[in-house]
2 protein chains.
Amino acid sequence: MGIVMNIGQAADASGVSAKMIRHYESIGLVPQADRRDSGYRDYDPEDVHRLSFVRRARDLGFPLERIRVLLGLWGDPTRSSAEVKALALTHIEELEEKARHLQEMADVLRGLADACDGDGRPHCPIIEGLEARSVPASSPSGERPISRSSSTRLPSRRSPSPGRR
Amino acid sequence: MGIVMNIGQAADASGVSAKMIRHYESIGLVPQADRRDSGYRDYDPEDVHRLSFVRRARDLGFPLERIRVLLGLWGDPTRSSAEVKALALTHIEELEEKARHLQEMADVLRGLADACDGDGRPHCPIIEGLEARSVPASSPSGERPISRSSSTRLPSRRSPSPGRR
DNA sequence: TGCGCGCCTTCCCATCATGGGAAGGTCAAT
DNA sequence: ATTGACCTTCCCATGATGGGAAGGCGCGCA
């Protein structure tokens with residue numbers, strides 16, 4: 001009856017690619033679309049509205065799992081704005097943490113680059129900086145795992161054997 | 001003859017996990033390690049030095065493909081520091097661009113969060129902000145693809161048919 | 001000699017969000 | 001009826017990393 005669009009039109013209207021709309025449906029982020037007899041998906045304005053919501057949340061960097069929660073709050077008339085705000089603040093923290101981390105890396109590198117003449121000669125503080133001392137950068141959430149505890153396992157120089165290289 | 005380590009020791013010494021060392025070797029980022037008769041990989045101090053170099057470059061956010069180039073410059077006595085500097089500056093630009101993008105998203109969201117009471121009531125400017133106007137954010141390199149040109153294909157309200165929902 | 005534990009090997013799968021492309025069916029206008 | 005744009009599903013790729021399985025190796029200790 002009402003205005004009905006196929007996936008391409010819904011994609012254009014919402015800003016979410018058809019590929020992604022299908023994907024969001026497959027992971028249950030958005031409900032399964034109605035189908036025409038032909039198998040084509042059908043979208044009405046409400047569907048498009050929801051997709052636009054997802055699109056804007058993605059534009060703000062929300063990961064899909066958090067958007068799943070946001071969609072739940074969106075459609076829940078009994079939600080408290082406190083829940084939404086808490087979710088948003090958590091996300092803001094993560095965004096700023098990542099931004100800080102990136103900027104920190106850029107700053108360290110800028111320091112090395114500033115010390116580099118950038119001429120035709122091979123001497124280069126940047127290369128030396130990579131070769132030598134560890135980067136002080138206080139890594140963010142994505143903390144470096146430290147591979148494994150060294151502990152017991154030690155050097156063990158191999159006695160005269162097949163020789164290497 | 002010299003000091004020889006197996007992959008776990010090289011991992012501890014370089015800060016690159018054994019898993020990653022094997023991966024770097026598989027994609028040709030680092031040369032194939034020597035093997036003992038048993039099949040175990042062998043690493044000498046030079047190998048560990050190279051792995052440490054990779055590790056520091058990763059810590060500074062260099063993608064592996066750029067590290068591949070860096071390793072080439074590192075081992076090239078005829079390199080010009082200008083080449084290295086250019087690579088570094090390009091990378092710095094990218095890092096700052098990403099940092100800006102993240103911070104921009106955080107700022108927009110902060111604006112919405114500031115307007116949200118965060119109390120027990122459902123009214124929430126954050127949800128409304130996601131629902132309504134598009135986020136002005138000037139996206140960085142990772143530009144939003146715009147799904148597809150709308151062009152010809154238009155609405156086409158389906159005339160009285162099998163009815164939906 | 002043999003046991004056992006911790007290391008090594010390869011191989012496959014998962015992450016996160018997105019896109020590319022193939023093979024084949026549908027729709028609407030000519 | 002033909003054509004071209006659209007739709008369908010399915011598989012694969014990205015980038016860097018990790019998890020885990022199945023089976024072999026190394027070495028200390030009884």
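Just so it is clear, the values below take in all heavy atoms, side chains as well, and ignore hydrogens, waters and symmetry mates. Within every chain, numbering begins at 1; the chains are lettered A, B, ... in the order of the sequence lines, protein sequences first and strands thereafter.
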Taking only N and O in the side chain of Arg41(B), is any of them less than 4.0 Å away from OP1 or OP2 of dT10(C)?
yes

Mind checking the CD1-CD spacing from Ile92(A) to Glu97(A)? Nearest 0.5 Å is all I need.
14.0 Å

Salt-bridge test for Arg110(B) and Glu96(A): reply yes if a basic N is under 4.0 Å from a carboxylate O, no otherwise.
yes

When you measure from the side-chain N and O atoms of Arg22(B) to the phosphate of dC11(C), is any distance below 4.0 Å, counting only OP1 and OP2?
no

If I take atom CD1 in residue Ile21(A) and atom P in nucleotide dT9(D), what distance separates them, rounded to the nearest angstrom?
13 Å

Run the numbers on Lys98(A) and Glu93(A) for salt bridge (Lys or Arg N to Asp or Glu O under 4.0 Å), then give the verdict.
CA-CA 9 Å; Lys98(A) 286 181 193 160; Glu93(A) 286 305 309; over 6 Å; no

Output the rounded distance in Å from CG (Asp37(A)) to P (dT8(D)).
14 Å

Between Asp119(A) and Ser81(B), is any side-chain donor less than 3.5 angstrom from a side-chain acceptor?
yes

Nearest-nucleotide comparison on DNA chain D, the residue closer to the 5′ end among Tyr40(A) and His23(B):
Tyr40(A)

Look at the side-chain N and O atoms of Ser38(A) and state whether any lies under 4.0 Å from the OP1 or OP2 oxygen of dG25(C).
no

Indicate whether OP1 or OP2 belonging to dT9(C) is found under 4.0 Å from a side-chain N or O atom of Arg36(B).
no

Which part of the nucleic acid, if any, lies within reach of Phe62(B) when heavy atoms closer than 4.0 Å are counted: base, sugar-phosphate only, or nothing?
nothing

Take atom CE of Met5(A) and atom P of dC7(D), then tell me their distance rounded to the nearest Å.
11 Å

Between Pro63(B) and Gly39(B), the residue closer to the 5' end of DNA chain D by nearest nucleotide is Pro63(B)

Nearest-angstrom distance from the residue atom CE of Met20(A) to P of dC7(D):
15 Å

Rounded to whole Å, how long is the line connecting atom CZ of Arg55(B) with atom P of dT17(D)?
9 Å

Are Tyr24(B) and dA16(D) close enough that a side-chain N or O sits under 4.0 Å from OP1 or OP2?
no

Distance test, side-chain N/O of Asn6(A) to OP1/OP2 of dC6(D), below 4.0 Å
no

